Every structure is written in structure tokens, then in C-alpha cells.
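For reference, the structure discussed in these notes is given below.
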Amino acid sequence: MRQILLSLLVSIPLVACSTKETPGHDHARAASTEAPAAAPPPAPTPQDQAASTRPHADHNARHGGLVTMEGDNHVEVVVAADGAIDLYASDAVRTPIPPKDVTGTITIEPKGKGEKQTLTLAPNEAKGSLSAKGPAPDKADYTWDLKVRGAPMKMTLTVPAGGTASLVDAPAEHPAGDHVHGSPHGGVVQSLPGGHVEVKLEKTGDITVWMLDAAEKPRSAKGVTASLRPVVAGAKEVQLAHDEKADVLRGKIDPVKQDHVDGVLSITPAGGTATSLRFAFHLEGHAGAGAGHDAHKGHDAHTGHDAHTGHEGH
């Protein structure tokens, strides 16, 4: 019996010692074997940020059309290649306005063959637009005359063959791998077959157009015909004249009150074919000078001015 008790007394300390840490136990190494902590969420990209709530700070198209503004209201105009017309109204911060709060008509006036016609716009609750069906567009003036929550809104847009997608997608958006544009004279540069064209609109209403080669170096504007229609209330299409001394095209509209103005340039290079291009001008903080927007770069890529997003655009 005495021998059994001695055996038990010897075994108890050994069991207790087995529960203690072994010498040199490394807490850090032990911790490293545990499941790693969850990685912090990635920082939100500009595209992930909520839309700006600053009035008139967002002129991005929501439906693939062209956004216009008058007073505190915006209207995005979409003319499809088959003649379908949709107008989407929104307020100063681009909150959609229900179609029931908007009434009006749209008048289509072809520049070539065809008769002028006025269509009544009907609410399309499924789309959230005012809609109508016209003829397939082929370079015509589209004038919408609306009451947006009682406020009048009347503007004209020259729409080329193919509809507004022809203005928005090419060359305003280049395919992957294409180059981005500079701004040699502080204006807006777009592509043309065999080169580029740069347009500068100033708050004074002065318009200057430079013809550029493929490397964006000046080339002669002699023999080029062009006109520009600003998408602002009451604006008319302005024919541009060749300035032989400066070898540029010039024109003038009424002084521009808006900070953001879109314009449609109809241009035929010497010996070339007619093209319609959309330009977005950003004139914030420039009392006497306009500056350009390159649609392929972000907001920070504008030359010589502080602009809103890639078409916060008008």
C-alpha cells in the first residue's frame, strides 16, 4: 500500500507539469497559425461614389443620350436610329422627374428632304420618359417645347443620321487602345478622318476652330466648311468663317451664361465628308475664356480649367 501511495504522489506533479507552457513558447508564432484577420474593404473608386448632390454638377447621360439644361431642370434627349424619341427630365441634382409632371411637343425639321412635323410627347411610365415616334433621323433639327413642373424648357438639337448615338458614341468615346487627346489651344479636341479638330468656346460667345493633323499639329483650315449649334435655349446654328490670317474658323454667339454647354459641330473638311461631332464645354470660373473637355479622360484631365466629371458635361 505504501508503495502505491508513493507512486501516486510522484505521478501528480508530472501531470501538472504537462499542462504548463514549455520553455521558449512563442506567442507571436502561435498567433501566426490562427486564421488571418479579414482584409479591410478596398477604397471606393470614383465610380462607386454616390452621385453628386451639388446642383448642376452631374450631366452624365443615364440613357445613352445627350443631357441639356435650362434653369434648374435637365432633359436627356435620346433619338434612336429607327426614329423613336425619348426625353428624360430631372431636377437640378438629376433626380428623375415623373413623366406625369412634364408635358410638351417635339418638332422635327429636316435640313434636306422631308416635311416639318410636330409630335405630341406622351408619358411612358415603363421607361420614365416622354416619348414619341418620328421618322428615322437624317440630319434634322429636333426642337422640344416642354413644361417641366410648370417651368418652360425649349431647345433645339441637330441630330445626324443614326440618331443621338452618333453624337455620343463616336468619336466622343474612342474604342479601347485608341489615344487620348491633348488640348493645344485650350479647347476641345475630337477625331476626324485623317486628323483632329479643336473647338474653343469662350464665355464671350467667341468660337474658334483649329484643324489638326494626326499628331495634333496645326494644319490649314482653308476650304473647310463648318457650323456650330450650342444646345442652349434660343441658340441658333452659327456658320463659321475662315480667318485667313490665323488660318482658323471663327464664329460668335451670344455671351454664354451657363458653366456647362454642349454643342454640335457640323464640319466638312476640304475634300472630305460631312461629320457631326458633339462637344462638351466647361466654363467654370472663366469670365472671359472657355476651356475644353476631352471625353476620354476623367475630370482631372481637362486642360487649363476646373471641370466636372467626364460629362458632367454641359
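Keep in mind that what you see is a predicted model, and the values were worked out from it rather than measured.
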Smallest separation among heavy atoms of A81 and A136, with atom names
O-CB, 3.4 Å

Compare all side-chain heavy atoms of P98 with those of R149 and state whether any distance is below 4.5 angstrom.
yes

Would you say M155 ends up clustered with L130 if hydrophobic residues are merged whenever their side chains have heavy atoms under 4.5 Å apart, either directly or through other cluster members?
yes

Donor-acceptor pair, E70 side chain versus K154 backbone, under 3.5 Å?
yes

Could you walk me through whether T68 and L157 pass the side chain to side chain contact (heavy atoms under 4.5 Å, CB included) test, one step at a time?
CA-CA 10 Å; T68 65; L157 173 66; over 6 Å; no

Residues at least two apart in sequence or cross-chain that pass salt bridge (Lys or Arg N to Asp or Glu O under 4.0 Å) with R229, listed by chain then number, are D141

Considering all heavy atoms, the nearest P110-A140 contact:
CA-CB, 3.6 Å

Who pairs with A84 by side-chain contact (heavy atoms from CB on, under 4.5 Å), at least two apart in sequence or on another chain?
A80, D82, K133

Nearest-0.5 Å distance that lies between atom CZ in F279 and atom CG in D262:
11.0 Å

My understanding is that only residues two or more places apart in sequence, or in another chain, count here; which of them pass side-chain contact (heavy atoms from CB on, under 4.5 Å) with I207?
V199, L201, V209, L228, L240, I253

Looking at CD1 of I108 and OG1 of T143, how far apart are the two atoms once the value is rounded to the nearest 0.5 Å?
10.0 Å

I'd like to know if the side chain of R62 and the backbone of N60 have a donor-acceptor N/O pair within less than 3.5 Å.
yes

What verdict does the side chain to side chain contact (heavy atoms under 4.5 Å, CB included) test give for V102 and L87, after you've listed the backbone C-alpha separation in whole Å, the side-chain angles of each residue and the deciding distance to 0.1 Å?
CA-CA 10 Å; V102 187; L87 275 66; over 6 Å; no

Would you please name every residue forming a salt bridge (Lys or Arg N to Asp or Glu O under 4.0 Å) with K252, sequence neighbours left out?
D206

Go through the steps for D259 and K203 under the test side chain to side chain contact (heavy atoms under 4.5 Å, CB included), then give the verdict.
CA-CA 9 Å; D259 285 337; K203 280 240 173 176; 3.1 Å; yes

I'd like to check the side-chain contact (heavy atoms from CB on, under 4.5 Å) partners of T225; sequence neighbours left out, ordered by chain and number.
T268

Please indicate whether E244 has more than 12 foreign heavy atoms, meaning atoms of other residues, nucleotides or ligands, lying under 6.0 Å from its CD.
no

Using only atom types and a distance under 3.5 Å, with no angle test, would you say the side chain of H196 pairs donor to acceptor with the backbone of S191?
no

I want to check something: taking the side chain as every heavy atom from C-beta on, are P137 and T164 in contact at a cut-off of under 4.5 Å?
no

S90 side, atom OG; N73 side, atom CG - distance, nearest 0.5 Å:
7.5 Å

Nearest heavy-atom neighbours spanning D86 and S129:
OD1-OG, 3.2 Å

Shortest non-hydrogen pair, L119 vs G134, comes out as CD1-CA, 3.8 Å

Which atom names give the shortest non-hydrogen contact between S227 and Q239, and what distance separates them?
CB-NE2, 3.6 Å

Could you walk me through whether S266 and K139 pass side chain to side chain contact (heavy atoms under 4.5 Å, CB included), step by step?
CA-CA 10 Å; S266 299; K139 197 173 184 183; 4.0 Å; yes

Under the side-chain hydrogen bond (donor to acceptor under 3.5 Å, both in side chains) test, residues paired with S220 that sit two or more places apart:
D247

For D138, what residues pass the salt bridge (Lys or Arg N to Asp or Glu O under 4.0 Å) criterion, not counting sequence neighbours?
none

What closest approach, in Å, do G251 and V238 show between heavy atoms, and which atom pair accounts for it?
CA-CG1, 4.3 Å

Does S276 reach the side chain of L167, with side-chain heavy atoms less than 4.5 Å apart?
yes

To the nearest 0.5 Å, what is the distance between OG1 on T208 and CG on L249?
9.5 Å

Strictly distance-based, threshold 3.5 Å: is any side-chain N or O of E76 a donor or acceptor partner for the main-chain N or O of G64?
yes

In the structure I gave you, are the side-chain heavy atoms of M211 and I267 within less than 4.5 Å of one another anywhere?
yes

Sorted by chain and residue number, the salt bridge (Lys or Arg N to Asp or Glu O under 4.0 Å) partners of E237 (sequence neighbours excluded) come out as K111

When you compare the side chain of P184 with that of L212, does any pair of heavy atoms fall below 4.5 Å?
yes

Mind checking what makes side-chain contact (heavy atoms from CB on, under 4.5 Å) contact with P152, not counting sequence neighbours?
K147

I'd like to check K100 versus P123 (side-chain heavy atoms, cut-off strictly below 4.5 Å). Are they in contact?
no

Once ring-ring contact (aromatic ring centres under 6.0 Å, His included) is applied, what residue pairs with a partner in residues 87-127 remain, sequence neighbours excluded?
H63-Y88

In this structure, would I106 and V78 fall into the same cluster of hydrophobic residues linked by side-chain contacts under 4.5 Å?
no

Identify, with sequence neighbours excluded, every residue that meets ring-ring contact (aromatic ring centres under 6.0 Å, His included) alongside H185.
W210

Listed once per pair and sorted, the side-chain hydrogen bond (donor to acceptor under 3.5 Å, both in side chains) pairs that draw on residues 113-122, sequence neighbours left out:
T107-T118

